[in-house]
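To start, the structure itself, in structure tokens.
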Amino acid sequence: MLTIYGSPQSSAGRCFWCLEEAGVEYSAKSIDFRAGEHKSEAFLKVNPNGKVPALTDGDFTIWESLAISNYVAEAYKPELLGNDVQERGLVSQWSIWSVADLQHPLIQAFIQMVFVPEPKRDQSIIDKAFEKLPPLLNTLENSLEGLSFLVAERFTLADLNVSFVVGICDDVKFDLSEYKNINAWRERIEAREGTQKYRALCK
Ligand SMILES: N[C@@H](CCC(=O)N[C@@H](CS)C(=O)NCC(=O)O)C(=O)O
């Protein structure tokens, strides 16, 4: 039996979504941050970083969200990783790009807008973060020209991981209306059963 540690509304969300896409049975264990459970001796045995997500599959334990999703896909629905070495390379490329490049400015804005109380909010951090987004979003917009999905014209972890991060634009109210290809792609992804099952977990 698989157990995912964390909540669907955190960075564990991409792993919950992947588990839904893989159609695998799992249980979820939320970690109480306020009570310091993430730094407890018991949880540090699961993830020595004291962070969620982490996943156990029987005796096997893995942490780091992209690695968890890769493991779940490899073990339970390998086509999510691509069907040949080139597709797998491109799925990896987009997944890494989503966390290494696109996520950074979005998280900077997210921290200010969601965690920092309004009187202490630093608008200049939000403005600088927003300035970094158009070139990144243009890369995605142009790459989607004429395509339904990012790799192999089929939904893969590339779509899941990149759209998970693009979703932070909604949280920080970054206007995506000019990005037609991105919006059409997000609608296609939203229509999927796995996506809907994941969204239901977030309610
Ligand atoms: N790179 C890690 C980031 C994990 C992470 O930062 N998780 C946050 C929740 S979204 C956390 O557990 N923070 C607790 C802490 O930093 O003490 C991943 O993607 O798995």
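Numbering of ligands and ligand atoms starts at 1, following listing order.
Arg14 and Ser65 share a side-chain donor-acceptor pair at under 3.5 Å.
Using a 4.0 Å cut-off between charged side-chain N and carboxylate O, Lys197 and Glu21 make no salt bridge. The pair Glu87-Arg154 meets the salt-bridge criterion, with a side-chain N (NZ, NE, NH1 or NH2) lying under 4.0 Å from an Asp/Glu carboxylate O. With respect to the salt-bridge test (charged N to carboxylate O, under 4.0 angstrom), the residues Lys132 and Asp101 do not qualify. With respect to Glu74 and Arg88, no salt bridge is recorded, no charged nitrogen being found less than 4.0 Å from a carboxylate O. Between Lys51 and Glu64 there is no salt bridge, since none of the side-chain N atoms of the basic residue sits less than 4.0 Å from a carboxylate O of the acidic one.
Put simply, the residue from Phe33, Phe43, Tyr5 that forms a ring-ring contact (aromatic ring centres under 6.0 Å, His included) with His38 is Phe33.
Looking only at protein heavy atoms, the nearest one to atom 16 (O) of ligand 1 is Lys51 CE, 3.4 Å. For atom 10 (S) of ligand 1, the closest non-hydrogen atom of the protein is Ser11 OG, 3.2 Å. Distance from atom 1 (N) of ligand 1 to its nearest protein heavy atom, with residue and atom name: Glu64 OE2, 2.5 Å. Looking at atom 19 (O) of ligand 1, its nearest protein heavy atom turns out to be Ser65 OG, 2.6 Å.
The atoms of ligand 1 that sit less than 4.0 Å from any heavy atom of Lys39 are 17 (O). Near Phe33, the atoms of ligand 1 lying under 4.0 angstrom from a non-hydrogen atom of the residue are 11 (C), 12 (O), 13 (N), 14 (C). Ligand 1 places these atoms under 4.0 Å from at least one heavy atom of His38: 14 (C), 17 (O).
Ligand 1 has no nitrogen or oxygen under 3.5 angstrom from a nitrogen or oxygen of Ser10. Remark: ligand 1 and Val52 share an N or O pair separated by less than 3.5 Å (distance only, no angle test).
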